[in-house]
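What's counted below: heavy atoms across the whole structure, side chains too, no hydrogens, waters or symmetry copies. No experiment lies behind these values; they were computed from the predicted model shown.
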Amino acid sequence: MQTLAEGLRLPTNGLDYAILAIYFVIVLGIGFMARASVRTSLDFFLSGRSLPAWVTGLAFVAANLGATEILGMAATGAQYGVAVVHWYWIGAIPAMVFLGLVMMPFYYRSKVRSVPEFLLQRFDRSAHLLSSVLFAFAAILIAGVNLYALSIVVEALLGWPQWVAIVVAGLFVLVYITIGGLSSAIYNEVLQFFVILAALIPITVLGLKRVGGWDAMSESLTKQHGGDFMTAWGGTGIGDANPLGANWLTIILGLGFVLSFGYWTTNFAEVQRALSAKNLSAAKRTPLIAAFPKIFIVFAVMIPGLVAAVIVPQIGTPDSDLTYNDAIPLLMQELLPNGVLGIAVTGLLAAFMAGMAANVSSFNTVFTTDIWQRYVVKDKPDTYYLKFGRLITAIGVLASIGTAFIAASFSNIMSYLQTLFSFFNVPMFVVFIIGMFWKRASMKSGVWGLVAGTAAAMVNYFWIYKGGVIDIPSDQGANFVSAIVGFVAGAVVMVVVTLFTAPKPEAELAGLVYGTESPSPDEALEEADRAWYRKPALLGWGAIVLAALCYVPYSF
């Protein structure tokens, strides 16, 4: 990476560094101001459930504007073309709406402090402990992705060795999260949202101008990669070849349903923002508010990737020193004048810190409340858990520094993230969705559904795909299939285990399953009495058939 850093060194000057310094001072200032409001563990982990919807809504979308969005989606655009829109219009918006209208009432009414804690109420301690451990592990891996992406920019900016950039960036995030807790993270994420847009818009506009506009860019990329590269659905018929290496069935079912709903509805790094809202109405509106900018952000990350593919046709291939992840730094070097370059660098650093802070703040909450307080050191004063939360935050950042080097081994970090989501988020989603809509689902079915879903997704990826048992054209296509297989395996095992084990007493299911009475009459919602879907077993059987069909085109 040292050679790459020299090749992408940004032509910064004093003005750029001044803009960057001002931003860092503001970020730390917000952290110190937020410290005054942190008196209890609830303040540290959930901002005392006091924030308005517009704040939590912008923080919700900014928390996702990390490496996944900036480097990852630009890399995906350079590698796969316009198909990147699927991650937004199919793979995000429907799930965000579902979270706000359907799942947030469950989360918020139950007063849980984390997503795994909901599984404790619906299933049993074993499901709760396993989901807590899986989520904590995944959060550290994903935080490492954001930290690695941040180090790429710092390396290009200052020419520091990658390990120095990773350590310095990680320690900076540690300071403002440890000082101000979730409130510091959320208010910084609101600021970061606008700074990120200020960075991406100039890159997008100047990039299009550089390649002669959309039509000229389309013509160039069509000649290089074929007509399907500049269409979202071109070549996605079952059995057809396309840049993404996936067909319409795996896109809709694997990405649009399983991966998307698994990420947006059970990923505590996102849900935590909504849980910090001041009331149930604000919690429900949080993902709905975030969905509006999400519709349009795709253009600001896709177009730079396409532009980079025009400027460097060999990007991401053995003939080039540049990986797909380098699309954004390349355009910053090629297009931006000083001053604007400083804003762009600041915006990228803001994006990566937002993504890392979201995962670290969710990690410290889950580890403290769901693992340490529940199973290791019980019944201590609240001040003890507040201090421990700050300590585990530091440990989480140090662990993220280690996992950042794992992300460095992938040429497209988006593929790496989707792999992690298929392993960890999808099994949790199937347990949630069946537990919420099927009253009969037994207490023991939750933990076995998690085990089966995670194991099946890993077997599909490492043995069936990597082992060459079935030829799946791309990592992304394999991730979609892994997600479907994990979902189906978890659903089938939950149904089978339920048939042989005792259900949770019906009196304990109030407010945890659709169609049951809410435990809080003041917050009872009409949706619970008008359950739109009461036969989740049909979903499992339908998914089995569709999963089998997903393998068909890769078998010939």
Side-chain angles (χ1 to χ4, degrees), residues 94-95 98-99 101-107 109-110 112 115-132 134-135 253-254 256-268 271 421-457 482-506 508-516 527-528 531-547:
F98 182 83
L99 170 64
L101 298 181
V102 177
M103 297 190 72
M104 280 315 304
F106 285 98
Y107 287 142
R109 273 206 311 266
S110 61
V112 296
V115 168
E117 190 175 347
F118 184 86
L119 291 183
L120 175 64
Q121 297 187 12
R122 176 58 184 89
F123 294 101
D124 61 7
R125 289 165 61 91
S126 56
H128 171 250
L129 179 59
L130 179 59
S131 64
S132 300
L134 288 176
F135 177 82
L253 186 60
F257 175 60
V258 181
L259 276 172
S260 169
F261 279 67
Y263 174 80
W264 290 103
T265 63
T266 66
N267 182 16
F268 187 50
V271 175
F421 295 153
S422 68
F423 291 169
F424 300 111
N425 290 90
V426 168
M428 196 174 297
F429 171 62
V430 68
V431 172
F432 266 82
I433 204 70
I434 290 181
M436 281 184 171
F437 288 103
W438 192 24
K439 189 163 55 176
R440 174 65 178 83
S442 69
M443 291 186 291
K444 292 298 180 185
S445 67
V447 64
W448 289 111
L450 286 171
V451 171
T454 302
S482 296
I484 296 169
V485 171
F487 182 89
V488 171
V492 170
V493 168
M494 286 189 71
V495 171
V496 172
V497 171
T498 293
L499 297 177
F500 295 96
T501 54
K504 198 175 186 73
E506 191 165 339
E508 298 178 16
L509 295 176
L512 300 176
V513 178
Y514 249 81
T516 59
E527 298 101 301
W532 58 274
Y533 195 75
R534 295 178 182 272
K535 297 182 179 180
L538 294 177
L539 178 65
W541 289 111
I544 292 173
V545 175
L546 291 175

Compare every heavy atom of [Y] with every heavy atom of [X], then report the nearest pair and how far apart it is.
{"X": "G446", "Y": "A127", "value": "C-CB, 4.0 Å"}
{"X": "A441", "Y": "T498", "value": "CA-OG1, 3.6 Å"}
{"X": "V431", "Y": "G449", "value": "CG2-C, 4.0 Å"}
{"X": "P116", "Y": "S132", "value": "CB-OG, 3.4 Å"}
{"X": "A95", "Y": "S260", "value": "CB-OG, 3.2 Å"}

Give the ring-plane orientation class for F98 versus F437, where under 30° counts as parallel, over 60° as perpendicular and anything between as tilted. tilted
Please confirm whether the backbone N or O of M428 pairs with a side-chain atom of N425, one donor and one acceptor, at under 3.5 Å?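 Absent.
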Treating S131 as the side-chain partner and H128 as the backbone partner, does any N or O pair qualify as donor plus acceptor under 3.5 Å?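 Looks like yes, one N/O pair under 3.5 Å.
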Nearest 0.5 Å, what's the [atom1]-[atom2] distance between [X] and [Y]?
{"X": "I433", "Y": "W438", "atom1": "CD1", "atom2": "CH2", "value": "14.0 Å"}
{"X": "M494", "Y": "L450", "atom1": "CE", "atom2": "CG", "value": "8.0 Å"}
{"X": "L130", "Y": "R125", "atom1": "CG", "atom2": "CZ", "value": "14.0 Å"}
{"X": "R122", "Y": "E508", "atom1": "CZ", "atom2": "CD", "value": "10.5 Å"}

Side-chain heavy atoms of [X] within contact of [Y], under 4.5 Å:
{"X": "W448", "Y": "V496", "answer": "no"}
{"X": "T266", "Y": "F135", "answer": "no"}
{"X": "M436", "Y": "F432", "answer": "yes"}
{"X": "F487", "Y": "L253", "answer": "no"}
{"X": "S422", "Y": "L259", "answer": "yes"}

Any chance the side chains of T501 and S442 put a donor and an acceptor closer than 3.5 Å? yes
Near-ring test F429/F257, centroid separation under 6.0 angstrom: yes
Testing T454, V451, L134 one by one against P427 for a side chain to side chain contact (heavy atoms under 4.5 Å, CB included), which residue passes?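 Exactly one option meets the side chain to side chain contact (heavy atoms under 4.5 Å, CB included) with P427, and it is T454.
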Heavy-atom neighbours of K444 NZ exceed 12 at 6.0 Å: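 At most 12 heavy atoms, drawn from other residues, nucleotides or ligands, come within 6.0 Å of this atom.
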